[in-house]
Amino acid sequence: MNLQDTLTTVEQKLDITKKIKIYLCGVTVYDESHIGHARTIIVFDVLRKYLESKKVEVDFVQNFTDVDDKIINRATKQNVTAEEISSKYIENYFRDFEQLNVKRATNYPKATEHIEDIIEFIKKLIDKEMAYVTKNGVYFAVSKFSEYGKLSKKKVDELQSGSRIQIDEAKNEPADFAVWKFSDVNPTWDSPWGRGRPGWHIECSVMSIKYLGESFDIHGGGRDLIFPHHENEIAQSEACTNLPFAKIWMHVGMVTISGEKMSKSLGNTKSIKHVLENWGPNVIRLFCLSGHYSKVIDYSEEMLKENLIKWRQVETCYYELIHAESENHEKNTKDIEKIGIEFDNSLESDFNTHLALSAFFQLVKETNRLAAEEKLTKELAQIIKKEFERMTNILGLNIPEMTQDKKHEIDNLIQNRERLRKEKQFEEADKIRGQLNEMNIELIDHKERTIWMKKEKIQSEK
RNA sequence: GGUACUCUGGCAGAACGGUUAUGCGUGAGCCUGCAAAGCUUAUACAAGGGGGUUCGACUCCCUCGGGUACCUCCA
């Protein structure tokens, strides 16, 4: 498998004959997760599911940053503890991503549970004279790490220091960043240098190394993390271990809305909760995978609608497969195996989910065509279904199951309708169809028989 | 100002320097009791502008321009 690496700017080969270790920078838990977070996490979810489908063992670690100014500010505003804020949004995070059918990471380490490790790490940096203590905290000395800027391709002296934040006069260099901040506003911990809390960045270095080792396979996150977050992580980690930190840096493009980045600071976010209510998990997943992961995708009603139409095709395909019983068969069916290979090749080549989806839709369309023409035999359906399920599992698409009782009820209604149709009592027959529609059951009348499908309920259709 | 990414038809999005991608949408027709699903077919000045290299450029080079992101809050 090849993946574009942000650091070297070329595609790097990922050796999938061995266990793969992935660290994904998760969220800072101070607010609802939005569709931008969903995209990054879904991309990695599919990557992981693909690898696992190839019997590759994957260690997938995703952190929660649960100590941070934004959390503290929010806690102060709401007159609660920082811990209450972070635990609330961690809960919400799991609520959202469970619904999005995202598999749980191997581990979700939290910054606050690794303070000892962080202190040990900082000690090493100070011993190596890579960090120094000031009246405000402990700072990493960027000038001591000659490769600083290699990920974001920035030159230290070109950084416009203080363009957005105030320059801290106590630092040696404006580019130096805090690994420990002195503070008496809770949460705080004792450290050899004074009471305070860890700086942003350090927790990811510490926790990734702790759980995945000093050098691991893939480190990822949103593009907006390249600088300063990942740049600083590399500096700290490599200064500490003298080893290359991550083999491949994989960054997921932003989700824009009306061409503008979706972000909490701009206040134009679409929360996952909100989008789930309107479109459901499968449409969101299709949308998030519709473009190459490295590129920007624009959130719009139109795009979601297009993906809803596609999702309907997938649902149709599934129900055609489980109801298939045609006696006829067509000789010139598309090569199922070939489609499967195309799907895999697309993912192997810099994880092109868009192309993988087009392979998947080839399968869907071919199935629906055969079914409409009454040429889908049980045997063929079984072969296709196996491939269909392999792909939907990797993509994380999920067709909700129906209870056996419901199925009987539907079958009975359909039989009644069939009888009425034969008797040309169309008004009565249509009434039954309407009744089933109310239950989100859609009927497909083939030449010889009628099959049903359960449509996922999606609000925005109206 | 610097850096990275990016610019292909109404929208989304591909292609070893040489062929109509494809999907969605839209129009027409077929199928159907009607719908839905499906099928057939049609539809698109397609390449941000301008140069260059080449027999030939979406693809390589130069240049100008647009967009997005980052330049110490961000997935």
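Each chain gets a letter, A, B and so on, in the order the sequences are listed, and its residues count up from 1.
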Original post:
Given the P atoms of B:G25 and B:C11, what is the spacing between them in whole Å?
Top reply: 16 Å
Subject >> B:G10 and B:G18, which share atom name C1', separated by this distance in whole Å >> reply: 30 Å
Original post:
Side chain of A:R417: nearest nucleotide among B:G33, B:G2, B:A14?
Top reply: B:G33
Original post:
Using purine N1 to pyrimidine N3 plus N6-O4 or O6-N4 for Watson-Crick, or N1-O2 and O6-N3 for G-U wobble, each under 3.5 Å, what pairs with B:U20?
Top reply: none
Original post:
Within the pair A:K261 and B:C70, is there a side-chain N or O less than 4.0 Å away from OP1 or OP2?
Top reply: yes
Would you be so kind as to tabulate the donor-acceptor pairs closer than 3.5 Å made by side chains of residues 340-348 of chain A, with sequence neighbours excluded?
unit_1, atom_1, unit_2, atom_2, d
A:E342, OE2, A:Q362, NE2, 3.3
A:D344, OD1, A:R390, NH1, 3.1
A:D344, OD1, A:R390, NH2, 3.0
A:D344, OD2, A:K54, NZ, 2.6
A:S346, OG, A:E342, O, 2.7
A:E348, OE1, A:M1, N, 3.2
A:E348, OE2, A:Y50, OH, 2.5

**OP:** Please state the C1' separation for the pair B:U68 and B:G48 - nearest whole angstrom.
**Re:** 15 Å
Original post:
Between B:A14 atom P and A:H292 atom NE2, what is the distance in whole Å?
Top reply: 8 Å
Subject >> Sequence-aligned protein contact record of nucleotides 19-30 of chain B, with B where the base is within under 4.0 Å of a protein heavy atom and S where only the sugar-phosphate is >> reply: ----BSS-----
**OP:** Tell me whether the OP1 or OP2 atom of B:A14 has a side-chain N or O from A:K295 closer than 4.0 Å.
**Re:** yes
Original post:
Taking any strand in view, what nucleotide pairs with B:C39 in a Watson-Crick or G-U wobble way, both distances under 3.5 Å?
Top reply: B:G29
**OP:** Could you check A:L225 against A:E442 and say which one's nearest nucleotide on RNA chain B is further toward the 5' end?
**Re:** A:E442
**OP:** Under a 3.5 Å limit for both distances, which nucleotide forms a Watson-Crick or G-U wobble pair with B:C70, could you say?
**Re:** B:G2
Original post:
Any idea how A:H251 and A:H230 line up, ring-wise: parallel (<30°), tilted (30 to 60°), or perpendicular (>60°)?
Top reply: tilted
Subject >> Closest to the A:R433 side chain, choosing from B:A35, B:A75, B:U72 >> reply: B:A35
**OP:** Write down the distance separating the P atoms in B:A15 and B:C7, rounded off to the nearest Å.
**Re:** 11 Å
